[in-house]
Trainee: 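Just dropping this structure here.
Below, all heavy atoms of this structure are taken into account, side chains as well, without hydrogens, waters or symmetry copies. Along the sequence shown, the residues carry numbers beginning at 1.
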Amino acid sequence: MILLLIVVTILHFAYRKRYQLEAKIWHWRHGYSTRVGNYGVPVPEHWLILIQNSTVFTLVNTNPTLPRRDGKFRTTALITLYPFRRGPVGASQMESGLVLQRRRLERAGVKAAAEKRLNFDDEAVVCIGGSELSAIMRHEKGFPDASSISLSCLSGRGLEILFVGEPSDLQPFYTFVSQIRRHG
């Protein structure tokens, strides 16, 4: 009976921590980066690749540091890359896209839209977004306030990067983007 209890406890722990264990195994086998199209992409510790194929690459943080229970809807950080969705984008196209995104966010009622310009290698990246989930769900009764941020980023060579996470995840996300490397 004691042996059965020990086995059940171990299985319960393994099931609860399955994504963290899977991330550790992935890192043990592959290291801390992978190739996505023409890009070398970092895979930070505690992050797990959910989807990796020729058109999309998605990572999730398996060990988020979420604040204590405060009644808000919280999200675990998620990053998705689309390496082949678009071709190269000129500076004027990037600016036009930014203007369109600003208008879309305004129409959606997103307050405090975030904009950030980054670089990796010699490639410019523009990100824009905000608290879109809060804006979408603001009229839903019973839905808790959401603090999550979503960003849409576009590089000069057409790499699209989408991010969803907490405000505390933004700086690690910007570091992630700056560590992407172009190959070929």
Side-chain angles (χ1 to χ4, degrees), residues 11-66 73-90 93-94 97-98 101 104 114-133 136 146-184:
L11 290 174
H12 174 73
F13 176 77
Y15 180 76
R16 273 191 40 221
K17 302 288 185 178
R18 67 189 176 279
Y19 297 118
Q20 291 172 344
L21 292 170
E22 194 175 340
K24 286 199 179 297
I25 291 168
W26 189 93
H27 285 290
W28 177 69
R29 292 170 71 193
H30 304 283
Y32 291 89
S33 65
T34 191
R35 188 132 181 189
V36 179
N38 293 328
Y39 296 93
V41 177
V43 180
E45 187 175 358
H46 304 297
W47 286 70
L48 176 64
I49 297 172
L50 293 180
I51 302 169
Q52 184 176 13
N53 60 42
S54 62
T55 59
V56 66
F57 175 79
T58 301
L59 291 163
V60 65
N61 185 353
T62 65
N63 194 22
T65 52
L66 298 176
F73 180 79
R74 301 290 180 170
T75 57
T76 297
L78 187 78
I79 300 171
T80 301
L81 288 88
Y82 298 96
F84 299 114
R85 194 176 260 187
R86 298 181 187 205
V89 178
Q93 287 176 305
M94 285 180 81
L98 198 54
Q101 285 282 40
R104 183 188 65 77
E115 281 186 38
K116 183 82 169 178
R117 293 175 188 271
L118 305 161
N119 286 295
F120 61 84
D121 286 345
D122 63 344
E123 201 162 336
V125 180
V126 176
C127 298
I128 186 168
S131 300
E132 291 184 70
L133 182 59
I136 292 168
S147 64
S148 64
I149 303 286
S150 57
L151 293 177
S152 176
C153 306
L154 181 62
S155 79
R157 292 202 173 115
L159 176 66
E160 285 188 58
I161 308 168
L162 303 178
F163 165 83
V164 176
E166 293 296 310
S168 61
D169 296 320
L170 283 175
Q171 193 54 51
F173 169 69
Y174 297 145
T175 300
F176 167 87
V177 171
S178 70
Q179 292 173 346
I180 296 172
R181 297 293 173 250
R182 181 154 174 84
H183 299 288

Trainee: Kindly compute the distance separating CG (Asn61) from CD (Gln20), expressed to the nearest 0.5 Å.
Mentor: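 Going from the CG atom of Asn61 to the CD atom of Gln20 covers 9.0 Å.
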Trainee: Rounded to the nearest 0.5 Å, what separation is found between the CG atom of Asn38 and the CG atom of Leu159?
Mentor: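 Nearest 0.5 Å value for the CG-CG distance: 10.0 Å.
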Trainee: Supply the atom-to-atom distance Ile161 CD1 to Ile79 CD1, rounded to the nearest 0.5 angstrom.
Mentor: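 Interatomic distance, Ile161 CD1 to Ile79 CD1, rounded to 0.5 Å: 8.5 Å.
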Trainee: For residues 152-176, which residue pairs qualify under ring pair (Phe, Tyr, Trp, His ring centres under 6.0 Å), counting only residues two or more places apart or in two chains?
Mentor: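 Non-adjacent pairs meeting ring pair (Phe, Tyr, Trp, His ring centres under 6.0 Å): Phe163-Phe173.
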Trainee: Answer whether the closest heavy-atom distance between the side chains of Val43 and His30 falls below 4.5 Å.
Mentor: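 Side-chain contact under 4.5 Å: no.
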Trainee: Could you give the distance from CD (Glu45) to CG (Asn63), rounded to the nearest 0.5 Å?
Mentor: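 Taking CD in Glu45 and CG in Asn63, the distance rounds to 9.0 Å.
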Trainee: What heavy-atom pair brings Ala77 and Trp47 nearest, and what distance separates the two atoms?
Mentor: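 Here Ala77 and Trp47 meet closest at CB-CH2, 3.6 Å.
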Trainee: Identify the heavy atoms of Thr55 and Tyr82 that sit nearest to each other, and give their distance.
Mentor: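 Looking at all heavy atoms of both residues, the closest pair is O-CD2, 3.5 Å.
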Trainee: Checking His27 side chain against Pro44 main chain: does a donor-acceptor pair fall under 3.5 Å?
Mentor: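 Present.
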Trainee: Return a table of donor-acceptor pairs under 3.5 angstrom between the side chains of residues 118-127 and protein atoms on other chains or two or more places apart.
Mentor:
residue, atom, partner, partner atom, Å
Asp121, OD1, Arg181, NE, 3.4
Asp121, OD2, Arg182, N, 2.9
Glu123, OE2, Tyr39, OH, 3.0
Glu123, OE2, Ser155, OG, 2.5
Glu123, OE2, Arg157, N, 3.2

Trainee: Is there a side-chain contact between Leu162 and Cys153 in this structure, where contact means two heavy atoms from C-beta onward sitting under 4.5 Å apart?
Mentor: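 Heavy-atom side-chain distance check fails, nothing below 4.5 Å.
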Trainee: Measure the spacing between CD of Gln52 and CZ of Arg35 and express it to the nearest 0.5 Å.
Mentor: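 That separation rounds to 12.0 Å.
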Trainee: Which atom pair, heavy atoms only, marks the closest approach of Gly40 to His183?
Mentor: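 Of all heavy-atom pairs spanning Gly40 and His183, the closest is N-CD2, 3.2 Å.
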Trainee: Could you tell me the separation between the OG1 atom of Thr62 and the NE2 atom of His46, rounded to the nearest 0.5 Å?
Mentor: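 Here the rounded value is 7.0 Å.
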Trainee: As a quick check of understanding, evaluate side chain to side chain contact (heavy atoms under 4.5 Å, CB included) for Val36 and Ile180, giving each step before the final call.
Mentor: CA-CA 10 Å; Val36 179; Ile180 296 172; over 6 Å; no
Trainee: Who pairs with Thr58 by side chain to side chain contact (heavy atoms under 4.5 Å, CB included), at least two apart in sequence or on another chain?
Mentor: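 Thr58: side chain to side chain contact (heavy atoms under 4.5 Å, CB included) contacts with Leu50, Ile51, Val56, Leu78, Thr80.
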